[in-house]
J.: 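Got a structure for you, questions after.
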Amino acid sequence: MTPPESARSLAAAPPLGTAADIARSVRAGERSAREVVDAHLATVAANEAEVHAFNLVLADEARAAADVLDRRIAAGEDPGPLAGVPVALKDNLCTRGIPTTCSSKILDGWCPPYDATVVQRLAGAGAIAIGKTNLDEFAMGSSTENSAFGATRNPHDPSRVPGGSSGGSAAAVAAGFVPISLGSDTGGSIRQPAALCGVVGLKPTYGLVSRYGLIAFASSLDQIGPFSTTVADAALLLDVIAGHDPHDSTSIPEPVPSYSDTLDRGVEGLRIGLITELMGDGIAPDVAARVREAAAALQAAGARVGEASVPAALLGLSAYYLIAPAEASSNLARYDGVRYGLRVDAPTTGEMMTATRTAGFGAEVKRRIMLGTYALSAGYYDAYYGKALKVRTLIIRDFAAAYEHFDLLLSPTSPTTAFALGDKTADPLSMYLNDVCTIPTNLSGDAAISVPFGTGDDGLPVGVQLLAPALGEVPLLRAAAVLEEAAP
Amino acid sequence: MSERITRDDVAHVATLAKLALSDAELDEFTDQLAAVLDHAADVEALDVADVAPTAHPYPLANVLRADELAPTLDRDEVLAQAPAVTDGRFLVPAILGEEP
């Protein structure tokens with residue numbers, strides 16, 4: 001389905017370096033924000049047609065915002081730690097007056113009446129949104145093929161998927177369209193596309209980043225986090241978006257440390273455990289080899305590396321594909337043609353709702369709504385949903401036991417490198433199996449990061465996952481910086 | 001596989017979820033949902049009678065804000081996004097057996 005000439009790599013470094021580089025030069029007056037935005041929009045114009053990272057490019061809005069920023073700098077103001085930095089936003093983050101679709105026909109044309117808290121914080125730090133990125137519809141998928149607006153391509157090989165569901169945000173960074181972007185991670189939707197696209201992707205601790213304005217998929221699992229080309233940029237972006245928000249009742253009401261300030265402290269003395277259960281069947285040998293090399297690199301840098309056991313991790317996949325659809329079936333009940341988005345007219349309200357939902361949702365979303373409705377229905381609740389919640393307890397217990405012996409854990413991010421478009425779309429279960437290494441962290445609510453570490457036998461990027469207990473982002477990012485330094 | 005979830009179960013669930021499925025979709029979804037539930041047999045088979053369930057990773061009691069006036073969304077801006085409105089309210093077709 002892909003013409004052979006499009007198999008060339010479109011991966012590129014962002015045109016003006018990292019977010020940290022850009023912010024420094026813009027704050028120092030060495031570059032204008034307008035010049036920065038124009039340079040990035042030029043890379044988008046050159047390759048976006050082949051990559052399809054964006055549902056919407058905000059070229060005019062970004063140029064206008066850059067001009068405002070430049071006038072503020074000329075007036076002696078400091079616009080903040082992300083001054084002039086172009087960012088891409090996953091299109092499930094609400095942007096006031098700007099279409100927000102979740103890559104679903106059911107929200108086609110909807111313009112939110114408010115900004116997500118993370119969107120406000122980015123603007124407050126001087127960042128400039130240059131587009132809304134493609135995703136699997138309502139963030140349900142692992143390949144960004146379940147989008148109502150067409151698939152995103154992996155910049156390293158456009159015949160392959162970028163992963164998902166935040167595939168557009170990962171591809172936008174890997175193609176050099178932006179130095180940083182935001183995604184959301186419910187079962188691996190930041191870390192898996194980061195791994196497949198060869199960029200850094202962080203899922204923060206549940207509650208560390210406000211979910212206000214993130215359109216809900218599975219509310220007890222969803223978390224917003226950064227994509228970047230460097231660990232330092234991930235820390236810089238986390239510094240901006242982390243912290244309590246009264247608009248999100250699940251946001252942790254505690255002060256947050258600086259993640260950037262402690263990045264260079266290394267891993268000397270840290271205890272890091274390789275999760276044996278996530279190194280066995282189903283993990284491609286080339287991916288497992290990179291993870292072992294990463295473990296050796298951490299050991300060489302002074303960490304004490306051993307083998308860790310999290311037996312319940314392997315139950316995570318089954319539990320997740322009961323819990324997440326159950327929560328989704330409830331969350332997506334709001335799309336009924338009454339308050340926003342699509343309405344398909346019918347004589348009665350009940351018929352209108354059915355007609356609207358039938359026309360508006362794609363196949364994967366319908367599948368998950370039905371799976372969740374079934375798992376919650378009378379007679380099956382205890383056997384499926386109730387059991388899955390107990391497995392969640394087992395996973396939390398097993399992680400807690402592992403963290404008695406280790407400060408951090410290590411595993412693959414994804415079992416394989418990027419697969420071909422169309423490879424897994426006919427068999428949903430084969431798609432779900434991609435998430436086996438990332439899901440346990442969502443169920444436990446802890447933090448994890450994917451760092452690029454070499455390539456597979458096919459020459460495509462491999463991501464290594466580091467995991468930390470809740471609010472362990474400081475040592476997590478330190479170890480990630482060491483891995484980045486040691487990466488082949 | 002089909003004993004895990006029948007075609008009638010899928011049709012019933014679709015009705016509950018307000019989704020209209022074609023015959024072909026019913027067949028396909030029955031097979032696909034059965035495959036996922038088969039995979040979940042590992043969870044179903046566990047003896048976890050003495051394990052407490054976890055619904056949420058961050059145990060929170062009720063979170064209340066101070067009872068003070070604060071800005072809310074603008075009504076007109078919200079209603080401007082609705083498919084149909086009347087007199088500052090959302091408008092829907094007939095309900096509760098009214099004549100359309």
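Chain letters run A, B, ... following the sequence lines, proteins first and then strands; every chain starts at 1.
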J.: Heavy-atom distance under 4.5 Å to chain A: side chain of B:A49, backbone, both or neither?
T.: backbone

J.: A:T393 and B:T54: side-chain contact (heavy atoms from CB on, under 4.5 Å), yes or no, with the steps?
T.: CA-CA 5 Å; A:T393 305; B:T54 300; 2.6 Å; yes

J.: Checking B:L19 against A:M370 for the side-chain contact (heavy atoms from CB on, under 4.5 Å) test, could you report, in this order, the C-alpha distance in whole Å, the side-chain angles of both residues, the deciding distance, and whether it holds?
T.: CA-CA 9 Å; B:L19 295 168; A:M370 293 205 300; 4.0 Å; yes

J.: With rounding to the nearest 0.5 Å, note down the distance linking CZ in B:F90 to CG in A:D336.
T.: 9.5 Å

J.: Using only heavy-atom distances, determine whether the side chains of B:Q32 and A:R367 contain a donor-acceptor pair under 3.5 Å.
T.: yes

J.: Answer yes if the ring centres of B:H56 and A:Y206 are under 6.0 angstrom apart, and no otherwise.
T.: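 B:H56 vs A:Y206: aromatic centres under 6.0 Å.
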
J.: Sequence neighbours left out, what passes side-chain contact (heavy atoms from CB on, under 4.5 Å) with A:S329? Give chain and number order.
T.: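 Residues passing side-chain contact (heavy atoms from CB on, under 4.5 Å) with A:S329: A:I369, A:T373, A:L376.
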
J.: Flag yes if more than 12 heavy atoms outside A:R334 fall under 6.0 Å of its CZ atom; otherwise flag no.
T.: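 Yes.
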
J.: Dump the intermediate steps for side-chain contact (heavy atoms from CB on, under 4.5 Å) on B:D9 and A:Y380, then the final yes or no.
T.: CA-CA 11 Å; B:D9 291 334; A:Y380 300 99; 4.2 Å; yes

J.: Would you please name every residue forming a salt bridge (charged side-chain N to carboxylate O under 4.0 Å, His left out) with B:D23, sequence neighbours left out?
T.: B:R7

J.: For residues 39-46 of chain B, please give each side-chain donor-acceptor pair under 3.5 Å, one per line with the distance, not counting sequence neighbours.
T.:
from  : atom 1 : to     : atom 2 : distance (Å)
B:H39 : ND1    : A:S318 : OG     : 3.0
B:D42 : OD1    : A:S318 : OG     : 2.7
B:D42 : OD2    : A:S318 : OG     : 3.4
B:E44 : OE1    : B:R4   : NH1    : 2.8

J.: Taking heavy atoms only and a threshold strictly under 4.5 Å, list by residue number the residues of residues 359-366 of chain A that touch chain B; give 'none' if the list is empty.
T.: A:F361, A:A363, A:K366

